[in-house]
Amino acid sequence: MMYGNGYGNMMGGNGWFGGLLAIFFGILVLVGVVLLVIWLVKTMSGHSGTATGPQPGAPGHDEAVTLARKRFASGELTREQFDEIMQALGS
């Protein structure tokens with residue numbers, strides 16, 4: 001005996017291949033969302049992904065150099081510490 005219009009369980013019954021395909025695309029979407037969130041966090045926080053500090057010409061570079069010079073002038077930094085900071089900043 002046939003119910004409905006004779007199509008049976010076509011909408012949800014794609015077998016094991018359809019299930020694997022659904023899992024694959026679900027994982028693909030999840031990975032895409034995670035990558036998008038990581039990119040947004042990096043973009044909003046202003047991190048370039050390097051640990052060398054602000055690059056010359058980048059926003060924050062001049063402020064970092066000025067702060068290092070002030071700290072060296074006030075005696076907070078030794079000559080070696082100042083040179084290390086300036087080398088890291090590329091100045």
Side-chain angles (χ1 to χ4, degrees):
M1 177 179 242
M2 222 186 258
Y3 296 100
N5 54 10
Y7 291 109
N9 196 10
M10 293 290 279
M11 296 304 282
N14 293 325
W16 63 271
F17 180 73
L20 289 177
L21 199 58
I23 290 172
F24 173 74
F25 281 114
I27 291 172
L28 193 63
V29 168
L30 184 64
V31 168
V33 168
V34 168
L35 291 176
L36 179 65
V37 168
I38 290 171
W39 177 77
L40 284 173
V41 168
K42 282 186 177 183
T43 302
M44 295 298 170
S45 66
H47 289 107
S48 63
T50 61
T52 60
Q55 299 299 317
H61 179 262
D62 293 335
E63 292 86 4
V65 170
T66 303
L67 181 61
R69 287 184 177 151
K70 284 181 183 179
R71 291 182 64 197
F72 177 64
S74 69
E76 290 182 49
L77 297 174
T78 65
R79 174 53 115 176
E80 292 79 25
Q81 291 170 326
F82 177 74
D83 290 340
E84 185 178 325
I85 291 171
M86 296 306 284
Q87 185 179 19
L89 292 173
S91 296

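Here the structure is a predicted model, which is why all the values come from computation and not from measurement. Keep in mind that the numbers below use all heavy atoms, side chains included, and drop hydrogens, waters and symmetry copies.
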Shared-cluster residues of L36, by chain and number - hydrophobic side chains joined below 4.5 Å:
W39, L40
Rounded to the nearest 0.5 Å, how far apart are CE of M86 and CZ of R79?
10.0 Å
Count I, L, V, M, F, W, Y as connected when their side-chain heavy atoms are under 4.5 Å apart, and connections chain through other members. Are I27 and L35 then in the same cluster?
yes
Point-to-point distance, once rounded to the nearest 0.5 Å, from OG1 of T78 to CZ of F72
8.0 Å
How long is the span from the CG atom in L67 to the CD1 atom in I85, to the nearest 0.5 Å?
8.0 Å
If hydrophobic clusters are built from ILVMFWY residues whose side chains come within less than 4.5 Å, do I23 and V31 share one?
yes
Please name all residues satisfying side-chain hydrogen bond (donor to acceptor under 3.5 Å, both in side chains) with E76, sequence neighbours left out, ordered by chain then number.
R71, S74
Does CD in E84 sit with more than 12 non-hydrogen atoms of other residues, nucleotides or ligands closer than 6.0 Å?
no
Looking at residues at least two apart in the chain, or sitting in another chain, which of them share a side-chain contact (heavy atoms from CB on, under 4.5 Å) with F24?
L28
